[in-house]
There are 2 protein chains.
Amino acid sequence: MTTATKKTERSQSSATIYDVARVAGVSAMTVSRVMNGNAHVSDITRGKVMAAIESLNYQVNTAARAARVGTLGIGLLYSNPSSAYLNTFLVGAMDRCSQTGGQLILERCDDLRSQRAAIAKLIANGADGILVPPPLCDSKSALKQLDQIGIPSVAIATGRPVPTMSAVRIDDYAGARDMMRYLISLGHKDIAFIQGDPKHTPAQIRYKAYMDAMEEAGLPVKPERVAPGLFTYRSGLDAARQLLAKKSKPTAIFAANDDMAAGAVAVAHGLHLDVPKDITICGFDDTPVATTVWPELTTIHQPIEDMARAAVDLIVELIRNRRTGEVGGVQHKLLPYTLVTRESSGAIAS
Amino acid sequence: MTTATKKTERSQSSATIYDVARVAGVSAMTVSRVMNGNAHVSDITRGKVMAAIESLNYQVNTAARAARVGTLGIGLLYSNPSSAYLNTFLVGAMDRCSQTGGQLILERCDDLRSQRAAIAKLIANGADGILVPPPLCDSKSALKQLDQIGIPSVAIATGRPVPTMSAVRIDDYAGARDMMRYLISLGHKDIAFIQGDPKHTPAQIRYKAYMDAMEEAGLPVKPERVAPGLFTYRSGLDAARQLLAKKSKPTAIFAANDDMAAGAVAVAHGLHLDVPKDITICGFDDTPVATTVWPELTTIHQPIEDMARAAVDLIVELIRNRRTGEVGGVQHKLLPYTLVTRESSGAIAS
DNA sequence: CTGAAAGCGCTTACAG
DNA sequence: CTGAAAGCGCTTACAG
């Protein structure tokens, strides 16, 4: 068994670049060029190499490549996001890393003061590029520092991408607007909103979408129907208490994220309100809490895992371009979201 | 800047094995032997090499090593643990991986039927060893499969480690017992318990500690003071409703984990009970939820990040030993836990 | 107990 | 546009 297992260990493909070269009838160098998307290869040669790669099911040995060009260090500067978010993000990021040969390097940085130190530490630990998930992607000082240092970086899930930095995100405005249109289609007219942390750009944008959608439908927004929040469960609790304190209650609450929506559900239950019969409550993001609470939340699914994969691919490309001296242009990727309807929303009782 | 940064990138140490060899006055081979803990090196030579390593601040180039011996693939077979748990675990595991050159490979496996397939996939994807966090570490069939395949594995946070597999854990019994002694020292005599998922060994052990501690203190345990749970928030909600339904209420509830304790706090608040004035509620694990709810939970801190680091070190050692043909013995590491007192517990009103 | 040589699979100058 | 040669930093047989 000991020897038998050995064979299987390195995946299916144990073909090397030389095998590909032989099959394609070219040199290993040329195969390397094709693998790395080098432009100076004729189409006909490229075709032969591609065919050989496919037939041999060749995959680069990332370890050997790393030995030559250095490890591809991918820094992740995280800062107290919800653990579910980071978690999902990591699963997606690691998945791509193990294929591209990237080494993820984590660094936590809670307050603004430690930002500079955290970035420096990441670089000292071998990061060749930095991934910036929320909420740091909205920190002007963080972006400025990254820009000054001149290290490739990718912002993730920022509501308002800047032209100087690559970003991967969803269309928060369209997502929140779709949720509102859905609620309105259910017959809701008196819809309350729980805002997210005002420092986060998606919070601002989701709020604007709420306001615009109300106006679009010709629905008035009473100031007392909007409660501030901070994206936390606790703030959702507080906001919902405020929204549901008076006699006249909204028929639906749209919270700017799931954690706050979960808090709102808890408050509703505390007031013996049935969800969704007495009140509809919706969230945003589709994090695990959305399916943990009861009833499960209607929400907008944000494809965090895919966003992480896309971000890794992007940063790898930027790092490679930088090493080869190519002008790696800034890229903005917009991934699709989905409206997920579950049990927490219902048509208004007429 | 472009060139200046290059220098800093690869951390401080850019010394190679040859630099060390030169300084120590030996061959690179000997340095390699020392680095890998090979026994056939004289103490005096080893000393010279060690000194050179230290003075040059040498660190092996894991990429170069991987090019020679193959990547160190570390599989992580996870199965729907709380996202906070996985998250913390990943942070610790990745930290060690980036230093030891390990490549973490994730694979999710929810039901027992897919276990065999998940393990096979992990191996096909290059895993040379497998980390088994809860609850899979308590699955007999999983352990049996791993044993049959003969791949190095480490169980994490199992309550009852088996002699054939390495494990990293805390002393669940002592932790739960300490919590009970603490509650009793506060004057509580009528202490209820919310059990964890009976399939998880730590749940069984924490329950036993509760029973033993009650007996040790000469306190009677009424059957209605013990409610079943599944380690989830929802099950904590149900269990607490059951425990607090009657007139005669316990003065303290000890839940077998934080999620259930959080649920119990929500129920207490729903019944207008003040925590901890009217009732003390404690958890176990010290996951993020413990400091998310209000009041923050008194709990037993389980050092998940350190346990992950220890598990990575252990599996790396096992994989290395296996490759060199050494008999890598099974190791069981016990890490220290801590009783963390916060606002959810208080002395009984007399 | 210690070392000289070869090689891991890939990529980087250097030619043509 | 394409290739022969050298080398990334380390470790594996093979000698002594």
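Lettering of chains follows the sequences in order, A, B, ..., and the numbering in each one begins at 1. Computed from a predicted structure; not experimentally measured.
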Review point. What heavy-atom pair brings A:L122 and A:L77 nearest, and what distance separates the two atoms?
Key: CD2-CD1, 3.8 Å
Study note, to complete from the structure: residues 115-124 of chain A vs salt bridge (charged side-chain N to carboxylate O under 4.0 Å, His left out), sequence neighbours excluded, gives A:E107-A:K121
Tabulate atom names and distances for all N/O pairs under 3.5 angstrom spanning the protein and nucleotides 6-10 of chain C.
{"from": "C:dG7", "atom 1": "N2", "to": "B:R68", "atom 2": "NE", "distance (Å)": "2.6"}
{"from": "C:dG7", "atom 1": "N3", "to": "B:R68", "atom 2": "NE", "distance (Å)": "3.4"}
{"from": "C:dG9", "atom 1": "N2", "to": "A:A64", "atom 2": "O", "distance (Å)": "3.3"}
{"from": "C:dC10", "atom 1": "OP1", "to": "A:Y58", "atom 2": "OH", "distance (Å)": "2.4"}
{"from": "C:dC10", "atom 1": "OP1", "to": "A:N61", "atom 2": "N", "distance (Å)": "3.2"}
{"from": "C:dC10", "atom 1": "OP2", "to": "A:I17", "atom 2": "N", "distance (Å)": "2.3"}
{"from": "C:dC10", "atom 1": "N4", "to": "A:Y18", "atom 2": "OH", "distance (Å)": "2.8"}

Check your understanding: OP1 or OP2 of D:dT2 less than 4.0 angstrom from a side-chain nitrogen or oxygen of A:S42, does that happen here?
Key -> yes
Review point. Quick check: are there more than 12 heavy atoms from other residues, nucleotides or ligands sitting under 6.0 Å from CE of A:M50?
Key: no
Review point. Ignoring hydrogens and geometry, is there a side-chain-to-backbone donor-acceptor pair from A:T16 to A:Y18 under 3.5 Å?
Key: yes
**Study point:** Pairs flagged by salt bridge (charged side-chain N to carboxylate O under 4.0 Å, His left out) wherever residues 22-38 of chain B is involved - sequence neighbours left out
**Key:** B:D19-B:R22
Exercise for review: Compare all side-chain heavy atoms of A:L76 with those of A:L86 and state whether any distance is below 4.5 angstrom.
Suggested key: yes
Review point. Do the side-chain N or O atoms of B:S27 get closer than 4.0 angstrom to the phosphate oxygens (OP1, OP2) of C:dT2?
Key: no
Review point. Where does DNA chain D pair, written as one dot-bracket string 5' to 3', with Watson-Crick or G-U pairs under 3.5 Å, ( ) inside the strand, [ ] for crossing pairs and | for another strand?
Key: |||.||||||||.|||
Study note, to complete from the structure: In short, salt bridge (charged side-chain N to carboxylate O under 4.0 Å, His left out) pairs touching residues 91-102 of chain A with sequence neighbours left out are A:D95-A:R309, A:R96-A:D313
Review point. What distance do B:S153 atom OG and B:M165 atom CE have between them, rounded to the nearest 0.5 Å?
Key: 4.0 Å
Find every protein N or O atom lying less than 3.5 Å from an N or O atom of nucleotides 14-16 of chain C, and list the pairs.
none

Practice item. Among A:L146, A:V154, A:T158, find the one that has a side-chain contact (heavy atoms from CB on, under 4.5 Å) with A:V132. Key: A:L146
Practice item. Could you go through the side chain to side chain contact (heavy atoms under 4.5 Å, CB included) check for B:V69 and B:R320 one step at a time? Key: CA-CA 10 Å; B:V69 305; B:R320 289 254 170 78; over 6 Å; no
Exercise for review: Would you kindly give the CD1-to-P distance between B:I44 and C:dC1, to the nearest whole Å?
Suggested key: 13 Å
